[in-house]
Asker: 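What follows is a structure written as structure tokens; I'll ask about it next.
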Amino acid sequence: MPPAPKYTPPNGPRSAAYAIAAIAFFYTAPLAVVFWPDWRYQTLGRPIDTLGQVFVGGFIAFVALLWASSVLLLLRRRIGVYLWWLCCPIVLINIPLGTLAGAYVFRQLSTPEAKHDLQ
């Protein structure tokens with residue numbers, strides 16, 4: 001029987017992409033639960049006012065940027081790093097999980113393997 005291959009944890013862009021996907025999922029889940037059932041009539045049968053629509057639209061755009069960043073990093077595209085830099089201030093504000101996940105992504109993207117893979 002051949003020896004089992006040695007386990008090596010994912011490093012660099014792939015690991016960062018998985019972490020960003022997890023962050024995006026935890027932003028998407030509340031969005032789907034709160035806004036999807038009847039997003040135009042959340043306030044006692046009245047349509048959401050303009051400021052609410054702007055807030056919901058901005059949140060959807062933010063989540064879409066997170067998902068796009070994750071997918072582009074899995075495809076080893078450097079633009080995924082730039083999209084992460086756009087989203088990271090909002091992610092890092094969420095203490096403690098957002099800060100931990102954001103720091104992990106920064107650590108993975110600063111490894112020599114990631115810099116080599118994303119050139």
Asker: Treat each ILVMFWY residue as a node, draw an edge where side-chain heavy atoms are under 4.5 Å apart, and state whether I60 and L83 are in one component.
Answerer: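 Result: no, two separate clusters.
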Asker: I need the full list of side chain to side chain donor-acceptor pair (under 3.5 Å) pairs touching residues 90-101, with sequence neighbours left out, sorted by first then second residue.
Answerer: Y27-N94
Asker: Going by atom type alone, with no hydrogens or angles, which donor-acceptor pairs under 3.5 Å involve a side-chain atom of residues 62-69 and a protein atom two or more places apart or on another chain?
Answerer:
unit_1, atom_1, unit_2, atom_2, d
W67, NE1, T28, OG1, 2.9
S69, OG, G80, O, 2.9

Asker: Apart from L75 itself, what residues make up its hydrophobic cluster, given side-chain heavy atom links below 4.5 Å?
Answerer: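 Grouped by the 4.5 Å side-chain rule, V71 form the rest of the cluster around L75.
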Asker: Taking L86 as the starting point, is it possible to reach Y82 by hopping between hydrophobic residues whose side chains are less than 4.5 Å apart?
Answerer: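 Cluster IDs for Y82 and L86 match.
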Asker: Quick one: salt bridge (Lys or Arg N to Asp or Glu O under 4.0 Å) pairs with a partner in residues 57-76, sequence neighbours left out?
Answerer: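 Found R76-D117.
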Asker: Do S70 side-chain atoms and I20 backbone N/O form a donor-acceptor pair below 3.5 Å?
Answerer: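 Answer holds: no.
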Asker: For G98 versus L92, what's the shortest heavy-atom pair and its separation?
Answerer: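 Smallest interatomic distance, heavy atoms only, reads O-CD2, 4.0 Å.
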Asker: I'd like to know if F25 and I90 are part of one continuous hydrophobic network [Ile/Leu/Val/Met/Phe/Trp/Tyr, side-chain heavy atoms within less than 4.5 Å].
Answerer: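 Looking at the clustering, F25 is in the same group as I90.
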Asker: Once ring pair (Phe, Tyr, Trp, His ring centres under 6.0 Å) is applied, do any residues pair with F106, and if so which ones, sequence neighbours excluded?
Answerer: W84, W85
Asker: With side chain to side chain contact (heavy atoms under 4.5 Å, CB included) as the criterion, how do R14 and L73 come out once you've worked through the C-alpha distance, each side chain's angles and the decisive distance to 0.1 Å?
Answerer: CA-CA 7 Å; R14 190 175 74 176; L73 281 173; over 6 Å; no
Asker: Any heavy-atom pair between the side chains of F26 and L97 that's under 4.5 Å?
Answerer: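 Counting from C-beta outward, L97 and F26 never come under 4.5 Å.
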Asker: Compare every heavy atom of K115 with every heavy atom of S110, then report the nearest pair and how far apart it is.
Answerer: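 Residues S110 and K115, closest heavy atoms: O-CE, 3.6 Å.
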Asker: Same cluster or not: are L72 and I23 linked, directly or through other Ile, Leu, Val, Met, Phe, Trp or Tyr residues, by side-chain heavy atoms under 4.5 angstrom apart?
Answerer: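 No, because L72 and I23 fall into different hydrophobic clusters, even though each may have its own neighbours under 4.5 Å.
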Asker: Could you list the residues that satisfy side-chain hydrogen bond (donor to acceptor under 3.5 Å, both in side chains) with R77, not counting sequence neighbours?
Answerer: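 None.
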